[in-house]
2 protein chains.
Amino acid sequence: MTARRTFIRAGEEARRLALIDATLDCIAEGGPQAATVRAIALKAGVTPGLIKHYFDTKEDLVASAHETLMTRMTEASAAALDDLPADPVARLAGFITNAVTPPVVDPRAMALWAASMQLVPRDAAMRDVHEATYLAFRDRLERMIANALAAAGKPHDTATTRALAIAGNALLDGLWIEASVLPDQFAQGEMRSIAIRAFARLLDLKLSE
Amino acid sequence: MTARRTFIRAGEEARRLALIDATLDCIAEGGPQAATVRAIALKAGVTPGLIKHYFDTKEDLVASAHETLMTRMTEASAAALDDLPADPVARLAGFITNAVTPPVVDPRAMALWAASMQLVPRDAAMRDVHEATYLAFRDRLERMIANALAAAGKPHDTATTRALAIAGNALLDGLWIEASVLPDQFAQGEMRSIAIRAFARLLDLKLSE
DNA sequence: GCTGAAATTATACACTTGAATAATTGCTGC
DNA sequence: GCAGCAATTATTCAAGTGTATAATTTCAGC
């Protein structure tokens with residue numbers, strides 16, 4: 001008469017979130033192949049069968065996890081904007097600094113990003129999410145660049161600003177990746193200095209370091 | 001008396017290479033989880049057991065495949081250098097163009113890169129390979145930048161050049177990623193134009209578009 | 001306190017995975 | 001040609017996978 005495991009009934013919302021978080025943890029730690037139903041359930045403190053109760057299939061769970069991840073990243077980025085100064089140039093500098101320093105720079109986030117990047121070329125839903133996220137971030141950067149150029153009295157036609165936003169976005173992405181994946185390669189604050197100086201040259205602006 | 005499958009004895013070298021190529025194809029098409037011994041053997045036109053004959057374990061095969069991939073990328077990049085003009089400024093422009101246009105820009109290569117990126121944070125061997133490859137590429141870019149600046153009569157102290165190489169490398173990486181993963185977002189030649197103009201501003205050089 | 005519905009666990013199953021071993025075949029050197 | 005070695009195939013196995021279903025437990029409403 002080995003007693004059955006005791007449990008508590010969590011609300012649907014909480015359980016779904018717990019399973020999604022467990023999934024993200026598994027992927028971050030061991031890649032997608034480590035996110036088995038058993039590993040996820042174990043990490044969520046739950047039995048594998050429960051996954052079936054909240055998600056029709058494991059694929060559904062993974063898709064939900066991906067959507068949650070992207071939403072969180074977008075929201076975190078938006079929230080950080082509130083703490084930036086109002087002056088357009090200082091605001092841009094703060095935005096750049098945020099993008100290339102912790103907590104945005106983070107090996108775990110990088111691993112999750114790489115995992116989803118891998119799916120984008122062959123999964124239409126993933127591609128749509130990626131495209132929307134990419135364009136949202138780039139558009140935000142583009143507006144900040146336009147405002148900073150305007151505030152500094154520099155010319156800023158839309159075509160050039162667009163091109164600068166694409167390049168600036170790529171620059172931030174590349175620095176974010178290397179800082180996340182090879183943290184020991186760069187000294188404290190080095191990334192920030194590099195990013196600020198690169199943007200200053202790119203935009204021909206004086207950005208405070 | 002169902003006949004046994006007929007086969008030919010390939011040289012060790014050729015068979016190992018065929019298995020490695022099959023592995024890379026599998027990963028590119030369906031991610032690491034699609035690279036099962038059976039799928040790899042099928043694509044290589046061989047029986048699963050043969051993998052054991054050439055590689056002690058599947059992990060060994062995957063590691064060899066990764067090493068081969070990185071070596072090829074490095075060699076392809078080096079080979080392309082030979083076709084570039086001798087003039088340092090034009091040479092840099094050509095290098096930049098190569099990095100953001102096909103065949104370097106390629107969804108398959110991007111998928112493989114993302115797959116290995118995912119392993120870097122938790123696999124020391126992968127990290128070493130990544131670090132060496134990254135530094136080799138960056139150093140090459142740094143030398144080309146220094147030469148171009150010198151040819152144009154611009155100042156080029158080592159610290160600044162180093163920072164510019166890091167930023168330039170990140171810029172190329174970011175553009176390469178987006179061009180590979182969202183090819184429809186950018187018009188023919190747009191990436192090249194964006195990259196060249198960004199580098200021209202970054203280095204304060206006149207680069208021919 | 002009961003009761004009933006829903007959440008959760010337990011168990012089972014069919015299938016895929018990587019690996020190990022035995023049986024056969026192609027090919028090289030004579 | 002033929003002998004023998006090594007490359008290759010065929011077969012097997014134990015472990016792990018996702019999923020389906022039945023058995024139980026929790027807990028809200030009365």
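Values below: every heavy atom of this structure, side chains too, minus hydrogens, waters and symmetry copies. Each chain gets a letter, A, B and so on, in the order the sequences are listed, and its residues count up from 1.
Within a 6.0 Å sphere centred on CZ of B/Arg162, other residues, nucleotides and ligands contribute 12 heavy atoms or fewer. Around the CD atom of B/Glu67, the shell of radius 6.0 Å holds no more than 12 heavy atoms that belong to other residues, nucleotides or ligands.
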Distances for protein N or O near nucleotides 24-30 of chain C N or O, under 3.5 Å:
{"from": "C/dG26", "atom 1": "N2", "to": "B/Arg9", "atom 2": "NH1", "distance (Å)": "2.7"}
{"from": "C/dG26", "atom 1": "N2", "to": "B/Arg9", "atom 2": "NH2", "distance (Å)": "2.8"}
{"from": "C/dG26", "atom 1": "N3", "to": "B/Arg9", "atom 2": "NH1", "distance (Å)": "2.3"}

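With the nearest nucleotide of DNA chain C identified for both B/Ala35 and A/Gly49, A/Gly49 has the one nearer the 5' end.
Residues passing the side-chain contact (heavy atoms from CB on, under 4.5 Å) test with B/Ala99, sequence neighbours excluded: B/Leu172.
In this structure, of D/dT8, C/dG18, D/dA20, it is C/dG18 that holds the atom nearest to the side chain of B/Lys58. Side-chain atoms of A/Leu50 lie closest to C/dT8 of the nucleotides C/dT8, D/dA7, C/dA19.
Within the structure, a side-chain polar atom (N or O) of A/His53 is placed less than 4.0 Å from OP1 or OP2 of C/dA7. At D/dA20, one or more side-chain N or O atoms of A/Lys52 fall inside 4.0 Å of OP1 or OP2 (strictly under the cut-off). An OP1 or OP2 oxygen of C/dA7 is reached within less than 4.0 angstrom by no side-chain nitrogen or oxygen of A/Tyr54.
Distance, A/Ile40 CD1 to D/dT17 P: 11 Å, rounded to whole Å.
When heavy atoms are screened at a 4.0 angstrom cut-off, B/Arg15 is found touching the sugar-phosphate backbone but no base atom.
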